[in-house]
**Student:** 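This is the structure, below, for whatever I ask next.
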Amino acid sequence: MRTIEEQGHIFEEWITPAQIAAEIQPVADRINEDYKTKSPLFVVVLNGAFIFAADLVRRFNGRCKITFVRVKSYEGMTSTGEIRFIVPLQQNIEGRDIIVVEDIVDTGLTIHHLKQYLLDQGAASVRVAALLCKPDKLQFADAEPDYVVRRITNEFVIGYGLDLEGFTRNLDAIYKIKEQS
Ligand code: 5GP
């Protein structure tokens, strides 16, 4: 099993690249089915969702557009309790069917605010596709993702787009913390 050290913590490989690919496919199948008569706009939440989004949208068979927002709710390994828009939405979304692509839903704060923002901007519908979700930490009922690749317990994970202080996004697998030093 592969391990890496980052910021004084040891992380071990947990979900392999092959497992990630296999588990994304059924989620993509459901999205293809649900949106077969629609042309959705994928709103990718930067930075963490960029790798998941690249894999997910390439499995979408229909017409679609893709755009990006950048929000931040975490400092280090702790949620700050509020979100900041660092890169706001760049286009008119009035009447669009939106699929928000998120790396991980933790407290749900990010999705709760983002969904409300997208609906306020005139979106016709907003659904959420998340790579990971920590159901035990969810604090906002409306932030439960419509599509989830894997539900996990309350561990801090990195890799496959997910960072620790900006590092580790390039890891091809998802790693979880092993021990703290
Ligand atoms: P929420 O707003 O749902 O509390 O947190 C969502 C954001 O927190 C995610 O998009 C991600 O940036 C960050 N986050 C939450 N849990 C983790 C985790 O286990 N690992 C990493 N790297 N980021 C996390």
Side-chain angles (χ1 to χ4, degrees), residues 2-17 19-20 23-24 27 42-57 66-89 98-120 126-181:
R2 293 183 289 178
T3 60
I4 61 136
E5 185 176 347
E6 184 60 51
Q7 315 284 320
H9 303 281
I10 307 291
F11 290 85
E12 60 188 0
E13 185 175 11
W14 184 33
I15 312 176
T16 66
Q19 286 173 317
I20 297 169
E23 291 180 30
I24 288 176
V27 171
F42 288 93
V43 174
V44 181
V45 184
L46 296 173
N47 291 332
F50 79 109
I51 293 182
F52 171 48
D55 283 343
L56 185 67
V57 299
I66 302 163
T67 192
F68 302 89
V69 288
R70 184 164 177 217
V71 298
K72 205 172 174 207
S73 70
Y74 251 64
E75 295 294 343
M77 290 200 277
T78 319
S79 178
T80 59
E82 54 190 38
I83 74 164
R84 284 188 294 135
F85 277 82
I86 295 167
V87 176
L89 201 60
I98 290 180
I99 303 172
V100 175
V101 184
E102 174 66 306
D103 54 359
I104 183 163
V105 177
D106 183 272
T107 64
L109 182 88
T110 307
I111 291 301
H112 170 74
H113 286 290
L114 188 56
K115 265 176 111 169
Q116 199 50 57
Y117 172 80
L118 296 169
L119 290 168
D120 289 348
V126 181
R127 286 187 182 169
V128 176
L131 174 68
L132 301 169
C133 178
K134 297 179 185 169
D136 294 348
K137 288 189 78 179
L138 207 59
Q139 290 174 16
F140 301 87
D142 67 344
E144 175 83 48
D146 302 275
Y147 309 98
V148 189
V149 174
R150 196 188 272 212
R151 289 184 172 79
I152 65 170
T153 48
N154 295 344
E155 283 148 309
F156 188 80
V157 291
I158 57 168
Y160 193 73
L162 290 151
D163 76 312
L164 177 52
E165 304 281 9
F167 292 99
T168 72
R169 294 193 197 277
N170 58 313
L171 298 173
D172 62 0
I174 295 169
Y175 287 67
K176 70 176 173 183
I177 203 155
K178 190 177 175 197
E179 61 191 45
Q180 301 198 18
S181 56

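Numbering starts at 1 and runs along the sequence shown. In each ligand, atom 1 is the first atom listed, and ligand 1 is the first ligand listed.
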**Student:** Would one find an N or O of Ile158, backbone or side chain, under 3.5 Å from an N or O of ligand 1?
**Tutor:** no
**Student:** Can you name the one residue among Leu131, Asp103, Thr168, Ile15 that meets side chain to side chain contact (heavy atoms under 4.5 Å, CB included) with Tyr160?
**Tutor:**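 Among the candidates, only Leu131 passes.
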**Student:** Would you call Glu155 a ligand 1 contact, heavy-atom distance under 4.0 Å?
**Tutor:**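 Judged by the 4.0 Å heavy-atom criterion, Glu155 does count as contacting ligand 1.
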**Student:** Out of Leu114, Leu46, Ile104, Val71, indicate the one that has the non-hydrogen atom closest to atom 24 (C) of ligand 1.
**Tutor:**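 Comparing heavy atoms across Leu114, Leu46, Ile104, Val71, the nearest one to atom 24 (C) of ligand 1 lies in Ile104.
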**Student:** State the atoms of ligand 1, each with its element, that fall below the 4.0 Å cut-off from a heavy-atom position in Glu102.
**Tutor:**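 Result: 10 (O).
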**Student:** Can you check whether Phe11 reaches Leu164 side chain to side chain, under 4.5 Å on heavy atoms?
**Tutor:**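 SC-SC contact between Phe11 and Leu164 confirmed.
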**Student:** Please verify whether a non-hydrogen atom of Asp103 lies at under 4.0 Å from ligand 1.
**Tutor:**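 Right, Asp103 reaches ligand 1.
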**Student:** List every atom of ligand 1 that sits less than 4.0 Å from any heavy atom of Val157, numbering the atoms from 1 in the order shown and giving each element.
**Tutor:**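 Going through ligand 1 atom by atom, the ones under 4.0 Å from Val157 are 18 (C), 19 (O), 20 (N), 21 (C), 22 (N).
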**Student:** If every non-hydrogen atom of Gly108 is compared with every non-hydrogen atom of Ala143, which pair is closest and at what distance?
**Tutor:** O-CB, 3.4 Å
**Student:** Does this structure show an ion pair linking Arg2 with Asp172, if we count only N-O contacts that are shorter than 4.0 Å?
**Tutor:** yes
**Student:** Does Lys178 pair with Glu5 as a salt bridge, N-O distance under 4.0 Å?
**Tutor:** no
**Student:** Using salt bridge (charged side-chain N to carboxylate O under 4.0 Å, His left out) as the criterion, list what pairs up with Glu6, not counting sequence neighbours.
**Tutor:** none
**Student:** Strictly under 4.0 Å, does any heavy atom of Lys137 approach an atom of ligand 1?
**Tutor:**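 No, Lys137 has no heavy atoms under 4.0 Å from ligand 1.
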**Student:** With heavy atoms of Asp163 as the reference, note each atom of ligand 1 found under 4.0 Å away.
**Tutor:** 21 (C), 22 (N)
**Student:** Give the numbers and elements of all ligand 1 atoms closer than 4.0 Å to a heavy atom of Gly108.
**Tutor:**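 Every atom of ligand 1 under 4.0 Å from some heavy atom of Gly108: 1 (P), 3 (O), 4 (O).
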**Student:** Check Arg151, Arg150, Glu155 against Leu132 for a side chain to side chain contact (heavy atoms under 4.5 Å, CB included) and give me the one that passes.
**Tutor:** Arg150
